[in-house]
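One structure is given here, and the rest of the page talks about it.
The first residue in the sequence is number 1, and the count goes up from there. Each ligand, and each atom within it, is numbered from 1 in the order the structure gives. None of the values given here were measured: they were computed from a predicted structure.
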Amino acid sequence: MKIRINEHFGDIKESYLFSDIAKRVNAYSEANPGKKIIRLGIGDVTLPLTPAVIAAMHRAVDEMASADTFRGYAPEYGYDFLREAIADYYARLGVNLRAGEIFVSDGAKSDIGNFVDILGNNDILIPDPVYPVYVDSNLMSGRRITYLEANAGNGFLPMPDGLPEKPYVIYLCSPNNPTGAVYSAAQLGEWVAFALQTGSLILFDSAYESYISGDYPHSVYAVEGARSCVVEFCSLSKTAGFTGTRCGWTVLPEELEAGGVKLGRLWARRQATKFNGVPYVVQRAAEAAVSAQGHAEAMEHVRYYMENARILADFLREKGIWFTGGENSPYLWLRCPGKMGSWEFFDYLLQNVQIVGTPGEGFGKCGEGYFRLTAFGRREATEEAVARLRNLL
Ligand code: MLT
């Protein structure tokens with residue numbers, strides 16, 4: 001063919017991080033069919049949907065079976081019942097949002113990846129290490145990225161001090177994937193002040209907010225001024241076990257505007273053109289998940305995963321392996337023992353004890369020498385992993 005392709009795909013790695021890991025694990029598994037692999041790599045949940053969610057889905061399925069209650073195309077930005085239920089959820093967190101400021105979607109990953117569509121050619125600020133979608137989606141669109149170094153010295157929470165005073169699009173994730181670090185209200189306040197001062201936009205990923213147990217903001221809108229400079233992305237994947245069910249949302253407060261144009265209007269226009277909405281059955285499931293009852297049930301699962309995190313953390317302490325996370329986050333971020341490189345440690349664990357984790361380097365240059373373990377496994381698998389690691393490390 002003689003067409004031109006998007007040459008910026010040449011700027012990203014050959015495979016997406018988690019596809020790359022899956023390929024390596026599948027190859028190992030084919031070559032070693034008798035070995036039982038324990039997967040603590042990708043942050044995929046293992047507990048089923050909760051009773052309130054399942055009941056809501058069953059009811060919605062029955063509605064789809066009758067001509068009187070059947071639903072076709074959903075409203076592009078989500079049914080009002082769900083937008084209102086999400087606004088209620090925020091109200092319970094002490095944050096007031098209008099239902100119309102909430103745009104329902106099939107998850108935070110797609111929304112964060114798609115958001116570049118409505119932005120021009122800005123300077124992009126992204127912490128390193130970081131969830132790879134922020135970087136890849138910007139590189140694919142040919143954007144310039146400045147990396148903000150996150151390291152043990154700054155508690156993996158880079159701050160704006162010393163940055164040139166100019167407008168950026170800034171990506172923040174708290175609790176952080178992969179490091180598990182959490183910004184305090186005061187730290188987020190500094191980021192918001194920087195954004196307001198420089199005319200920057202913050203894209204805030206709060207997908208792990210329900211893992212917070214300490215005194216940290218669950219939503220960036222708890223911070224004064226955030227409504228004028230922050231878009232928040234959230235998801236039910238990790239909160240309510242929706243990794244396969246798919247539902248999340250993006251919040252664009254009315255105050256967000258650039259050059260006299262409301263960002264909410266642009267996002268609505270983008271979604272109306274390129275997105276067909278979330279299935280009715282899933283939106284009813286999501287409504288149940290964010291209800292008081294559904295959320296209480298989901299929190300039992302969160303506590304289960306956080307007990308796994310405690311088991312992993314105790315083991316790392318016992319071995320004197322430096323780590324962070326695992327307290328307000330389902331991820332533990334550890335320094336590879338014996339000065340091993342991230343991929344070296346990945347291979348070492350896979351070959352010797354058949355445990356899959358995520359090499360820190362996959363999250364950026366500053367992740368080299370680190371390794372991420374997830375607490376999303378089943379209890380038996382987590383305990384078995386610790387037993388195997390105890391013999392190896
Ligand atoms: C992860 O393991 O980092 C996440 O599961 C990826 C995702 O949420 O897309």
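- In this structure, Arg270 is not positioned above the aromatic face of Phe103 in the sense of NZ or CZ being under 6.0 Å from the six-membered ring centre and within 45° of the axis.
- Annotation: atom 6 (C) of ligand 1 to nearest protein heavy atom, Tyr131 CE1, 3.6 Å.
- Tested against Glu368 for a side-chain contact (heavy atoms from CB on, under 4.5 Å), the candidates Cys336, Ser342, Pro129 yield a single pass: Ser342.
- In summary, the side chains of Ser29 and Asn26 do not present any donor paired with an acceptor at a separation below 3.5 Å, with no hydrogens or angles considered.
- Using modelled atom types, one finds a donor on one side chain and an acceptor on the other under 3.5 Å when comparing Glu63 with Tyr280.
- Summary of contacts: the protein heavy atom closest to atom 8 (O) of ligand 1 is Lys238 NZ, 2.9 Å.
- Residues passing the ring-ring contact (aromatic ring centres under 6.0 Å, His included) test with His301: none are found, sequence neighbours excluded.
- In the vicinity of Asn177, heavy-atom distances shorter than 4.0 Å reach the ligand 1 atoms 1 (C), 3 (O).
- Although no hydrogens or angles enter the test, the distance criterion places no donor-acceptor pair under 3.5 Å between the side chain of Glu165 and the main chain of Gln197.
- Listed by atom number, the atoms of ligand 1 under 4.0 Å from Gly43 heavy atoms are 1 (C), 2 (O), 5 (O).
- Where the criterion is an N or O separation shorter than 3.5 Å, residue side chain and backbone included, Asp44 fails it with respect to ligand 1.
- Atoms of ligand 1 lying under 4.0 Å from at least one heavy atom of Tyr331, given by number and element, are 1 (C), 2 (O), 3 (O), 4 (C), 5 (O).
- Taking a cut-off of under 4.0 Å to the non-hydrogen atoms of Ile42, the atoms of ligand 1 that pass are 2 (O), 5 (O).
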